[in-house]
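Here is the structure we will look at.
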Amino acid sequence: MNKRVVITGIGGICGLGSCAADIWAAMCDGRSAIGVLSGPSLHDITARTGCAIRNLPQHEIERKQVLSMDRFSVLAVLAAREAVQQAGLTASDKNRYRLGATVGVGVCGWEAIEQDYRSMLLHGRKRTGAFTAPKVMPGAAAGHVSMDLGLRGPVYGVTSACSSSNHAIASAVDQIRWGRADVMVAGGADAPLVWGVVKSWEAMRVLSPDTCRPFSANRQGAVLGEGAGMIVLESYDHARARGAEILAELAGAGLSADAFDIAAQTIEGPEAAIRACLADAGLVPEEVDYLNAHGTGTKPNDQIETAAIKRAFGDHAYRMSVSSTKSMHAHCLGASGALELIACVMAIRHGIVPPTANYDEPDPDCDLDVTPNLARERKVKVTLSNSFAFAGTNAVLAIKAA
């Protein structure tokens with residue numbers, strides 16, 4: 001249970017870019033990819049602001065496999081390939097049963113669901129597509145990652161709404177600590193920019209009509225995006241034995257539940273997750289240099305998260321840097337935590353805190369140093385990443401310099 005777990009590869013794809021390096025460069029520039037959604041599949045939606053991947057990169061996933069994949073699974077495979085390539089990892093007959101994958105998903109394969117419902121209800125088709133069932137299941141992304149990379153160790157999907165990535169990564173850490181695997185490819189993927197999903201978020205009246213402004217007094221709500229982020233986790237001994245470059249250490253995780261409401265948050269739940277994460281990582285609050293906030297841009301979330309951070313960190317809350325990169329890549333639901341973990345790893349490696357973009361007006365209820373609009377050079381040794389979700393499920397990760 002005391003095994004150290006390190007990160008040896010990262011991969012990502014979202015509106016900001018098709019690889020982790022491009023995503024990080026856009027974050028450092030404070031460049032938001034949020035814009036106007038277009039396309040016939042959105043039909044009568046009025047909430048046309050989102051963060052889409054404009055051009056899916058070319059890939060060589062076998063056609064037979066692609067036929068059984070929804071978009072979120074394709075994104076997961078692309079991000080996982082990048083992470084594994086950076087880690088210099090190859091599955092072989094000697095090790096493949098010690099390599100696993102966990103992928104967090106918030107809304108599963110709604111693209112396939114919507115296509116089938118429309119074809120049957122509007123156009124009179126008598127049956128769904130032959131691969132609809134395996135396309136839409138939440139565990140599909142993890143399965144496709146394992147098939148694409150030849151991983152035969154622990155493989156499963158994790159779903160807990162907007163905390164799915166962090167829960168998947170925390171679970172992967174446990175697999176390594178418990179000795180069930182030497183390596184886990186972990187992260188999250190989601191592709192929610194389809195009519196039914198956007199329409200449901202529109203009905204909740206939480207979507208911004210223009211852009212995402214976390215912690216800014218004039219914020220108007222969240223913005224949905226699509227993407228995937230994946231990391232390669234290994235036991236420290238395994239990574240050293242094979243001569244892998246260690247990017248950072250996944251030092252700990254903290255999980256909690258609000259047990260309060262299906263949509264509304266408490267302060268106590270996020271605070272408990274932050275405290276549990278620090279304890280699991282063996283850290284004290286004063287050691288944290290940067291916190292990547294959940295920061296959705298809704299007034300309740302931003303205010304409650306700020307209050308939770310103050311309770312957990314005390315006076316140090318005002319000395320560390322905080323930012324929400326959702327201001328640039330939007331809220332990618334089950335993929336958000338993994339994309340934000342990329343920001344945490346890169347902040348450590350490059351000594352740069354990515355900004356909270358689109359920030360206009362100070363909010364007295366959100367009075368921390370939220371790194372408004374411009375990236376900041378800072379020595380970063382320890383970062384935390386917050387993820388909170390509907391149903392009150394909270395997951396916080398701690399990353400520190402190797």
Side-chain angles (χ1 to χ4, degrees), residues 11 13 41 53 56 59 61-81 99-121 125-172 175 181 184-201 224-230 262 332-339 387 389-391 393 395:
I13 179 171
S41 63
I53 299 169
L56 200 65
H59 57 75
I61 304 173
E62 292 185 7
R63 183 176 180 275
K64 180 181 178 181
Q65 187 175 355
V66 170
L67 290 173
S68 63
M69 300 175 78
D70 196 83
R71 186 175 176 86
F72 78 105
S73 291
V74 174
L75 299 179
V77 167
L78 294 178
R81 283 180 172 182
L99 313 181
T102 56
V103 182
V105 176
V107 295
C108 74
W110 270 95
E111 186 177 57
I113 292 171
E114 188 160 302
Q115 288 173 354
D116 279 344
Y117 281 4
R118 287 186 170 273
S119 66
M120 290 188 294
L121 297 176
R125 187 174 175 177
K126 299 300 183 184
R127 59 175 64 89
T128 70
F131 294 106
T132 296
K135 276 185 176 182
V136 306
M137 60 186 185
H144 282 294
V145 167
S146 74
M147 288 184 283
D148 189 76
L149 299 175
L151 315 179
R152 295 185 178 178
V155 172
Y156 51 95
V158 175
T159 181
S160 54
C162 309
S163 293
S164 297
S165 283
N166 279 13
H167 277 119
I169 293 166
S171 178
Q175 296 302 316
M184 293 292 291
V185 182
D190 249 331
L193 300 181
V194 296
W195 181 83
V197 177
V198 178
K199 198 74 173 174
S200 66
W201 279 76
L224 294 182
E226 61 178 349
M230 300 294 291
I262 197 65
C332 299
L333 303 185
S336 286
L339 291 168
S387 284
F390 285 167
T393 55

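Values below: all heavy atoms of this structure, side chains included; hydrogens, waters and symmetry mates excluded.
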Inter-residue atom distance Asp190.CG - Leu75.CG, 0.5 Å rounding: 9.0 Å

Pairwise distance CD(Glu111) to CG(Leu193) - rounded to 0.5 angstrom: 10.0 Å

Ser164 to Gly334 - nearest heavy-atom pair and separation: CB-CA, 4.0 Å

Side chain to side chain, Ser119 and Tyr117, heavy atoms closer than 4.5 Å: no

Working for side chain to side chain contact (heavy atoms under 4.5 Å, CB included), residues Ile13 and Leu56: CA-CA 9 Å; Ile13 179 171; Leu56 200 65; 4.2 Å; yes

Shortest non-hydrogen contact from Val105 toward Pro138: CG2-O, 3.6 Å

Spatial distance of atom CG (Leu78) from atom CG (Asp148) [nearest 0.5 Å]: 8.5 Å

Non-hydrogen side-chain atoms of Arg71 and Val194 separated by less than 4.5 Å: no

From CH2 (Trp201) to CG (Leu333), nearest 0.5 Å: 5.0 Å

Euclidean distance, Lys64 NZ relative to Phe131 CZ, rounded to 0.5 Å: 8.0 Å

Heavy-atom closest contact (Pro134 atom, Ala140 atom, distance): O-CB, 3.4 Å

Glu114 (side chain) donor-acceptor with Trp195 (main chain) under 3.5 angstrom: yes

No-hydrogen, no-angle side-chain donor-acceptor test under 3.5 Å, Ser160 and His167: yes

Smallest separation among heavy atoms of His59 and Arg81, with atom names: CB-NH1, 4.2 Å

Pro192 side chain reached by Glu226 side chain, heavy atoms, under 4.5 Å: yes

Donor-acceptor pair, side chain of Asp116 and main chain of Thr128, under 3.5 angstrom: no

Donor-acceptor pair, side chain of Ser163 and main chain of Thr393, under 3.5 angstrom: yes

Side chain proximity check, Val103 to Met230, heavy atoms < 4.5 angstrom: yes

Nearest non-hydrogen partners of Ala228 and Leu339, listed with the distance: O-CD2, 3.4 Å

Shortest non-hydrogen separation from Met137 to Phe72 and the atoms involved: O-CZ, 3.6 Å

Interatomic distance, His144 atom NE2 to Ile61 atom CD1 [nearest 0.5 angstrom]: 9.0 Å

